[in-house]
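To keep things clear, I will list the structure first and then write my remarks on it.
Nothing here was measured: the structure is a model prediction, and the numbers come from that model. This chain uses plain numbering: 1 for the first residue, then up along the sequence.
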Amino acid sequence: MAQNGRQKSIRDQWWSLQTEQILRCTRSIAGQPASQCEGSVGSDRSQLPGSRQGDRAAYSIEDSGPGCARRVPAACGCSECPGPLGRGNGVSPRRYLLYASGDFVKVHSVNTEETLGLLCGHADLVTGIQLNPHNHMQVYSSSLDGTIKLWDFMDGIPIKTDFFLWSDTFQLVSVKLTKGAGQDLEGKELSVVLDGVGASSKQIAFGREDSYVVSVKDVDLQVYFFKRKLLNRFSLSTAKTKGGDNRFSCVVCHPTEDCIATGHADGKIRLWRNFHHKKGYTYSSLHWHHDTVMDLAYSLEGTRLLSGGVESVLVQWHNESSCQKDFLPRLGSPIECISMSSDGVLCCTLHTDNRISIINSNLRFSRSIQGLIKSRDVKTGLVVDPRTKALVLNGEPGHLQFYSLQSDQQLFSLDIVQRQYIHQAGLKQSDLVKVAFSARGTWLATVEESEEVADPELQLKLWFYTEETQSFALNTRINTPHDNHITDMCFRDMDELGDDSLILVTTGRDCVFKVWVMVGDSDPEGNVSWSCDFVGSYHNYQATNCCFSEDGSLLAVSFEETVTVWDSLTWDLKCTFCHPPGNIRNICFGRQTCSKYLIGATDYGFLCCWNLLTCALEWNAHLNVVVLQPDPLSEHIAAVSWLSKESSLFVFKPSEPWPVYIQRNLCKEKILLAAFVPRDEPETISSEKYLWLRKSQLFFLTDTQELMTLSTKSLEERLTPSSKQLAVEESLPVTPFSVLLGKHRRQQAQEDTDLGKPVVHNKQEQASPAVKELLHTPAHVLPSASFLCTIFINSLLISKENKSAEEVADEVEMESEKAEDDSDEEDVTAMEQEDTSHIELLGEITCKLSKSQEKELRKIRKMDYSWISAF
């Protein structure tokens, strides 16, 4: 009875503790592109990234305060097309690529492939971006929060915000932006142009000289002429004959002629003309794509038409002729949309794997911007590479992607299945399902299986990392390691003992777990391979989870409702734990001071902690835990629960029955996976409540494939200095004069160094905050010049209080020489040591001389001793 009462009080404590603040999670659909107008293309909202057209993705959250959670962009999950390639005053054409990324707009360098800026301010998904036609240093952005913002994207600051009230139906409306003073303005003048338009901006296009607008939806095409205020509607047949499907997928208008190009679901491209009259219109057809035409784009002159689809091939049609066309194949993944630069020299293609390809006008691949690849299903979980601290998970079909969270870029992709993936519905193909790293990251274990449910084809592969190739090479392939699906696997984490202590354990639905060890081959090169060393089972129950203790001496394997503990040296069964009802969903050992505890979560909503020394239940809590993730660098364990359609986070130590941190309503989506990523250096955290985030950062992945994280830093603090602003110097071209001047300065500095002259650096000017603010603050927000003059002059003055010891010594010597030049016969009074700090500052102790001795010393100094060099 006493134990039951204690357990009940513990359960109450889990749910009674409240955090100091409830976080507002801002939605960020990472990598969402912008709507097309003047070379930018927009996006609609969908549900899941990577599986079908119109999908979206959201990766990464961050918070505005300590311990808060919010999503931040990770350059991934594009569902439509990238934004405009900017050019403007003082900016070279095609230098910057702007695209929407969830709640943000990213400014990307086309040359360096680096994210240079982030425009933050929207409270919901950004649906479109458009360069200001009157100032190409500015960009408009629209969002589902009901606002249109004007940005100075070079400085990353919002200039003006217009608020509008939107309807629930899809309409094409004309908005008159206000010109009043102030940043927050209310827009009132809205007029409906077209009703019943499509949700995607690829289904709307403006004609030559903006004289008309075209909208397509289903099998209907609408053309509205602004001057004549005339609306013409055209419809195609809904009947699907001979494999044809007339539904519209996208539309684009010729830039110089009255011609409309439309893409269709059956792969055809129709070119419409004479659409000013309802009955006199004509169209011709182009056909190469075997499936839906995802997007179309005209060149600047209109002589070339670009199209793309699921074939991963960019098709270029010349002079609207089906006989003259070029191809750029093997782009890696289906093309979702195409965008042209404002000068027509470059074009961008957005792909379903969250990659932007930059292509030259001669149809030559230039470079790509790769974010976190959208996978159909993350079956491998979130795994951290010990070597690079990169996040490892499913990438392209059959591939494993290594994604750097610090640089927001993919490091590389490893082909595991090594088979060509065929894009065909209903075809059963092999995929990657399990991944595990050794403690040092030198060994990688992968499991691939076919999509057959009854009799799957299984392969266990062991990969070894080679320094020469800087990649993993296949070492051992094991066919059918288990008779049924593999449910879990793990390495024994004993990095201090070397590779000889490596052990790999796999569990399967065939009711056994297997131990794999390295064995030496008999060949002269001394190669090693892996083989099965032990097979264990428990009452013919299915093995579901496995994990090693921190020192590697114990192995815990869960068999349905029971957790078994085994000796890793003799493979003897030591003890068992059980907490019915419900099967064991997750297990993990405590670490460091809590290594004597074993934690388990059941699918009936119980979190249990067992003491390995007493073999008894230490405490339990009624909590529906779906994710249980220990921190490898501390005693803390993160538990994510799912209740009442919301995910909550609990961080605790196994030695204490109450959490150290609770975050209720972390997000509305269900969190499926989590991982602690070690920091490069421990973070300085003042609040004791968030000390568990000091050494590692926690990341989550939701069922909508949104990657989220908890952080104590704000978004601006996380941005690197190169990403906070666009340096003006980087946009200036290298001229012969600048090269010559730089060479002259380097030669002069080298000559001064050879002659023994000290090289003087003006550190005061470089470190002046006033100068930095003056150079980097936009001109239109600076105060008057008279106000800045005093601050600027004072910043250039050198304070006497900050003089170094060398500067003080030089001043004393100069004053002494000046006194000698005025009068050689003048008596010099002895320096009185008023303060001993001056003697220490000069670094020497002087003795007091008489007047006659000082006079003789000055004469000796003035004598010429150059004649001595002759001897």
Side-chain angles (χ1 to χ4, degrees), residues 330 332-333 353 368 370 372-373 375 378-404 407 409-421 429-450 457-482 486 488-506 514-533 548 675:
R330 295 184 294 275
S333 61
D353 63 350
S368 65
Q370 179 67 71
L372 188 62
I373 294 179
S375 176
V378 183
K379 301 177 182 179
T380 60
L382 294 183
V383 186
V384 180
D385 181 11
R387 292 179 47 263
T388 61
K389 298 179 182 178
L391 203 62
V392 181
L393 67 161
N394 291 96
E396 298 177 16
H399 288 67
L400 199 62
Q401 63 171 321
F402 291 72
Y403 183 77
S404 174
S407 61
Q409 292 180 351
Q410 184 188 103
L411 299 181
F412 64 94
S413 179
L414 182 63
D415 188 1
I416 301 296
V417 177
Q418 298 178 346
R419 297 180 185 176
Q420 181 66 35
Y421 185 82
Q429 304 183 73
S430 297
D431 200 3
L432 185 62
V433 294
K434 297 294 177 184
V435 170
F437 283 93
S438 63
R440 296 181 178 179
T442 56
W443 285 95
L444 167 66
T446 61
V447 175
E448 60 187 70
E449 63 181 32
S450 63
E457 295 181 6
L458 300 177
Q459 274 195 351
L460 173 63
K461 294 181 179 179
L462 280 304
W463 308 74
F464 181 73
Y465 184 83
T466 57
E467 295 292 341
E468 293 79 11
T469 60
Q470 294 290 305
S471 182
F472 287 91
L474 182 61
N475 176 269
T476 305
R477 179 190 288 110
I478 303 172
N479 294 320
T480 317
H482 285 261
I486 294 179
D488 199 7
M489 68 176 179
C490 64
F491 278 96
R492 182 167 67 176
D493 294 331
M494 299 178 66
D495 54 349
E496 70 277 1
L497 298 182
D499 290 340
D500 294 338
S501 64
L502 275 179
I503 292 177
L504 176 67
V505 175
T506 59
K514 293 186 178 182
V515 179
W516 307 87
V517 297
M518 285 191 299
V519 294
D521 291 343
S522 57
D523 58 6
E525 297 182 359
N527 294 328
V528 297
S529 60
W530 290 75
S531 65
C532 184
D533 183 65
F548 278 98

* Can you list the residues that meet the side chain to side chain contact (heavy atoms under 4.5 Å, CB included) rule with V433, with sequence neighbours excluded? -> K379, V447, E449
* To do: Test Q401 against every option in L414, L372, V392, T380 by the side chain to side chain contact (heavy atoms under 4.5 Å, CB included) rule and name the one that passes.
  => L372
* Scan residues 382-393 for pairs that pass salt bridge (Lys or Arg N to Asp or Glu O under 4.0 Å), counting only residues two or more places apart or in two chains. => D385-R387, K389-D680
* Asked: Do you know which two heavy atoms are closest between L502 and S438, and how far apart they sit?
  -> CD2-CB, 3.8 Å
* K434 side chain to I486 backbone, donor-acceptor under 3.5 Å -> no
* F464 and W443 aromatic centres sub-6.0 Å -> yes
* T476 side, atom OG1; L474 side, atom CG - distance, nearest 0.5 Å -> 7.5 Å
* **Full working for side chain to side chain donor-acceptor pair (under 3.5 Å) between D353 and S333** => CA-CA 6 Å; D353 63 350; S333 61; 2.9 Å; yes
* What pairs of residues pass the salt bridge (Lys or Arg N to Asp or Glu O under 4.0 Å) test when at least one of them lies in residues 390-399, not counting sequence neighbours? -> none
* To do: Could you tell me which residues satisfy salt bridge (Lys or Arg N to Asp or Glu O under 4.0 Å) with K461, sequence neighbours excluded, listed by chain and number?
  => E448
* Does the T466 side chain pair with the main chain of S471, one donor and one acceptor, at a distance under 3.5 Å? -> yes
* To do: Just jot down the ring-ring contact (aromatic ring centres under 6.0 Å, His included) partners of Y465, sequence neighbours excluded, or say none.
  => F472
* Answer yes or no: are there more than 12 heavy-atom neighbours, outside E457 itself, under 6.0 Å from its atom CD? => no
* Structure fact -> Residues passing the ring-ring contact (aromatic ring centres under 6.0 Å, His included) test with W463, sequence neighbours excluded, are none
